[in-house]
Each structure stands twice: as C-alpha cells, then as structure tokens.
Amino acid sequence: MVEHLVLVRREPPIAVVTLNRPKALNALSIAMKRALEDEVEALDRDDAVRAIVITGSERAFAAGADIAEMAEMSAVDMLKRDAERSWQRLRAVRKPLIAAVRGYALGGGCELAMLCDMIVAGESAQFGQPEVMIGLIPGAGGTQFLTRALGKWRAMELVLTGRRVDAGLMDALGLLTRVVADDGVLLEAERLAQEVAAMPPLAVQLGKEAVQRAFLGTLDEGLALERKNFYLLFASADRTEGMRSFLEKRQPRWSGK
Ligand code: DAK
C-alpha cells in the first residue's frame, strides 16, 4: 500500500496540505519534503486556489529534518543533496502560505513554519532550533529569520542553547500571527486563508512579495520593490473596482485582473 507522505484537501479558494508521518513526528525526510514541494507548487499553479494552509499532526507540525536519514551523511552527501534548492522551491511560492502549528515545530520544522507567511499556533505548540544539541546549526534560514524577528539576543539564546519556546512567548516576541486553543488551530488557519482568499489576488501576490523583500535585501531595495508593486497595482482592474466599490458603499467584485 502506498503511504501518502503528504495529504492534500483542495477546497477552493483554499487548500490544506498535511504532513503525514505522525509516528516520526513529521520528521522532514527527503521524500516527504519533495512531496510537500510538489503539492504546494501544484497548488500555486492552480488558479482556483488562493491561499494554502500547511499543517501537521496533533503532536507535531514537524520535529525537523530526519536525523536518521542525515546521521550517516558526509558533508559531500549533504552538498549533493542540494537541500537549498528544495527550500528555495517553497520560498518561491507566490500564494500566501499559512502554517497551522500544533505540537513541535523544531529545527527544519520551525524553519518551515517561518517560511510561511503567517503562523497560527496552538497554545501548547513549541518552537525551537535544537540543532546545536546534535552538533549542527540551523540550515534553512533559522539564524536569519529568528534574528530579524526576535533581535540578536533572543535569537542567540535559541540557536546557541537549542531550548524550546512555547507559543505564548513566541507570540509575545512577535513571531506568531495568532495563538488559539489547540483544537481550534486548523479552523483558525482556514478562516485566515479564506479571509486572504477573498482579497484581490494580484494585490495579495505583490503584497506578499514586498513583505518578503523586507527580509531579503536592504531597506532601500525593499522600499523600492514596495513602491514598484504599489504603482503596478494602479494598472489592475481590481484596484479600480476596490476603490469604486468603497466609494459606492457596496461589496467589491474581484476579477483577478
Ligand atoms: N528525525 C527523525 N526521527 C525523529 C525526529 C527527527 N528530527 N524527531 C522525532 N523523531 C522520531 C523519534 O526517533 C521517535 O521514533 P521511534 O523511536 O518511535 O521510532 C518518534 O519520532 C517519536 O519521538 P520521541 O520518542 O523522541 O518523542 P518525545 O515526545 O520523547 O520527544 C522530541 C519529542 C521532538 C522532543 C524529540 O523527538 C526530539 O528531540 N526530536 C529531535 C528534534 C531535533 O533535533 N530536530 C532538529 C533536527 S536537525 C538543511 C536545512 C535544514 C536542516 C538540515 C539541512 N540544508 C539546507 C542542507 C534541518 C536540520 C534539522 O532540523
């Protein structure tokens, strides 16, 4: 019997992608990671889908890269595996990604959540970059994203001690979009996805690109891209419709153009 490493529930205008190795706490094996990328890329190309939720099991969003798979790998093996290209595929997704996190989001799992555009977490979710405990450092952006989100001093604590942080603290530090009761996580993430999906898709796409840019380059580059995207949207029908409907006090009708 074929075991599906990733489950997809497509309910336009949203889709929910579930990591499905619950017994291994959704450790991100190469095969599961590839399945995730394939599914998310397919949804990114699917015009009917406008926002994508990524979730895991009750116990774990994902407990990191699969240590069993990495244990015997040499530096050359790791290099050849070209994992960076695989993370890049997810970073290049243009539609909003919303992480619905229950349980552990550790190592690559924490980085996967941070790669998403919004994070909804359950009260007992736990985040961390425990790589130092196995002689590593974060390899998929953890040092950069945590530092930008939390500042140098908190990020150092997480990266250098590997300690886990609960959802309450992570929220207070500004890393989460929402914290809700554990059993309401998926529902809240889907609600957020629906809310975003109801917005004009071009503005959502370019807004995402501009916010992402704040993480990538200098402030000047980010501001320049934001300005370019802002002007570009003035050429869209949805921008005209949005402003008109506001002035006419009616609901907008988005055409995606
Ligand atoms: N890998 C493989 N198996 C894992 C796993 C992992 N990361 N995490 C858990 N499991 C497995 C356990 O081995 C166990 O399997 P069985 O013994 O039942 O067969 C099962 O899941 C249940 O786990 P535990 O028995 O340990 O459950 P506990 O509740 O006692 O503990 C725990 C839960 C999450 C605290 C613990 O499992 C744990 O510490 N797990 C490891 C967490 C961790 O160190 N994560 C970081 C991994 S390193 C890269 C980019 C990124 C990365 C690498 C490369 N490139 C761009 C090149 C990322 C690296 C990482 O994430």
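For the single chain, residues carry numbers from 1 onward in sequence order. First listed ligand is number 1; within each ligand, the first listed atom is number 1. Only heavy atoms go into these numbers, but all of them, side chains included; no hydrogens, no water, no symmetry mates.
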S.K.: Do the side chain of Q129 and the main chain of V159 share a donor and acceptor less than 3.5 angstrom apart?
M.R.: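 Checked: no pair found.
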S.K.: According to ring pair (Phe, Tyr, Trp, His ring centres under 6.0 Å), does anything in residues 102-157 pair up with another residue at least two apart or in another chain? List the pairs.
M.R.: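 Counting only pairs at least two positions apart or across chains, the ring pair (Phe, Tyr, Trp, His ring centres under 6.0 Å) contacts touching residues 102-157 are F145-F215.
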S.K.: Counting N and O atoms only, with roles assigned by atom type, does the side chain of D238 sit under 3.5 Å from a partner on the main chain of W254, one being a donor and the other an acceptor?
M.R.: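 Answer holds: no.
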S.K.: In the complex you have, is atom 17 (O) of ligand 1 within reach of the protein, judged by whether a heavy-atom distance drops under 4.0 Å?
M.R.: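 No, there is none.
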S.K.: Is S29 reaching over with its side chain to a backbone N or O of D66, donor-acceptor style, under 3.5 angstrom?
M.R.: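 Not confirmed, S29 side chain does not pair with D66 backbone.
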S.K.: Decide whether an N or O pair under 3.5 Å exists between G108 and ligand 1.
M.R.: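 N/O-N/O distance below 3.5 Å exists for this pair.
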S.K.: Have a look at K33, Q88, R59 and point out the one with the heavy atom closest to atom 27 (O) of ligand 1.
M.R.: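 Checking each option, the heavy atom nearest atom 27 (O) of ligand 1 is found in R59.
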S.K.: Looking only at protein heavy atoms, which one is nearest to atom 4 (C) of ligand 1, and how far off is it?
M.R.: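 Checking every protein heavy atom, the shortest distance to atom 4 (C) of ligand 1 gives A24 O, 3.9 Å.
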S.K.: Output the list of atoms in ligand 1 that are nearer than 4.0 Å to some heavy atom of D66, sorted by atom number.
M.R.: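 Once the distances to D66 are compared, the set is 1 (N), 2 (C).
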S.K.: Evaluate whether atom CZ of R250 has more than 12 neighbouring non-hydrogen atoms of other residues, nucleotides or ligands under 6.0 angstrom away.
M.R.: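 For R250, atom CZ is crowded (more than 12 foreign heavy atoms under 6.0 Å).
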S.K.: Might you check, step by step, whether the distance between atom 55 (N) of ligand 1 and some protein heavy atom is under 4.0 Å?
M.R.: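 Under 4.0 Å from atom 55 (N) of ligand 1, at least one protein heavy atom found.
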S.K.: Report, in ascending order of atom number, the atoms of ligand 1 lying under 4.0 Å from any heavy atom of R164.
M.R.: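 Matching atoms, with element in brackets: 35 (C).
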S.K.: Could you tell me which atoms of ligand 1, counted from 1 in the order shown, lie closer than 4.0 angstrom to a heavy atom of I134?
M.R.: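 So the answer, numbered in order with elements, is 48 (S).
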S.K.: Counting each atom of ligand 1 from 1 as listed, which ones have a heavy atom of A140 under 4.0 Å away?
M.R.: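 Once the distances to A140 are compared, the set is 50 (C), 51 (C).
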S.K.: Taking 4.0 angstrom as the limit and counting only heavy atoms of M78, give me the atoms of ligand 1 inside it, by number and element.
M.R.: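 Listed by number with element: 54 (C), 57 (C).
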S.K.: Taking G56's backbone N and O only, do any of them form a donor-acceptor pair with R102's side chain (distance below 3.5 Å, no angle check)?
M.R.: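 Yes, R102 side chain to G56 backbone: donor-acceptor pair under 3.5 Å.
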S.K.: Counting from 1, what ligand 1 atoms have a heavy atom of K23 closer than 4.0 Å?
M.R.: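 Every atom of ligand 1 under 4.0 Å from some heavy atom of K23: 20 (C), 21 (O), 22 (C).
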S.K.: A65 versus ligand 1: do any nitrogen or oxygen atoms come within less than 3.5 Å of each other?
M.R.: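 Yes - when backbone and side-chain N and O of A65 are compared with those of ligand 1, one distance drops under 3.5 Å.
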S.K.: Heavy atoms only: which of L28, L112, L106, D82 lies closest to atom 34 (C) of ligand 1?
M.R.: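 Nearest option to atom 34 (C) of ligand 1, by heavy atoms: L106.
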S.K.: Just jot down the ligand 1 atoms closer than 4.0 angstrom to any heavy atom of Y104, in number order.
M.R.: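 Answer for ligand 1: 29 (O), 33 (C), 34 (C).
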S.K.: Does the protein place a non-hydrogen atom closer than 4.0 angstrom to atom 36 (C) of ligand 1?
M.R.: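 Given the 4.0 Å limit, the answer for atom 36 (C) of ligand 1 is no, no protein heavy atom qualifies.
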S.K.: Any idea which atoms of ligand 1 are less than 4.0 Å away from a heavy-atom of A83?
M.R.: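 Once the distances to A83 are compared, the set is 55 (N), 56 (C), 57 (C).
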S.K.: Short check: is a protein heavy atom less than 4.0 Å from atom 48 (S) of ligand 1?
M.R.: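 Yes, there is one.
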S.K.: Among all the protein's heavy atoms, is there at least one whose distance to atom 24 (P) of ligand 1 comes out below 4.0 Å?
M.R.: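 False for atom 24 (P) of ligand 1.
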S.K.: Quick one: does E69 get a heavy atom under 4.0 Å from ligand 1?
M.R.: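 Heavy atoms of E69 never come under 4.0 Å of ligand 1.
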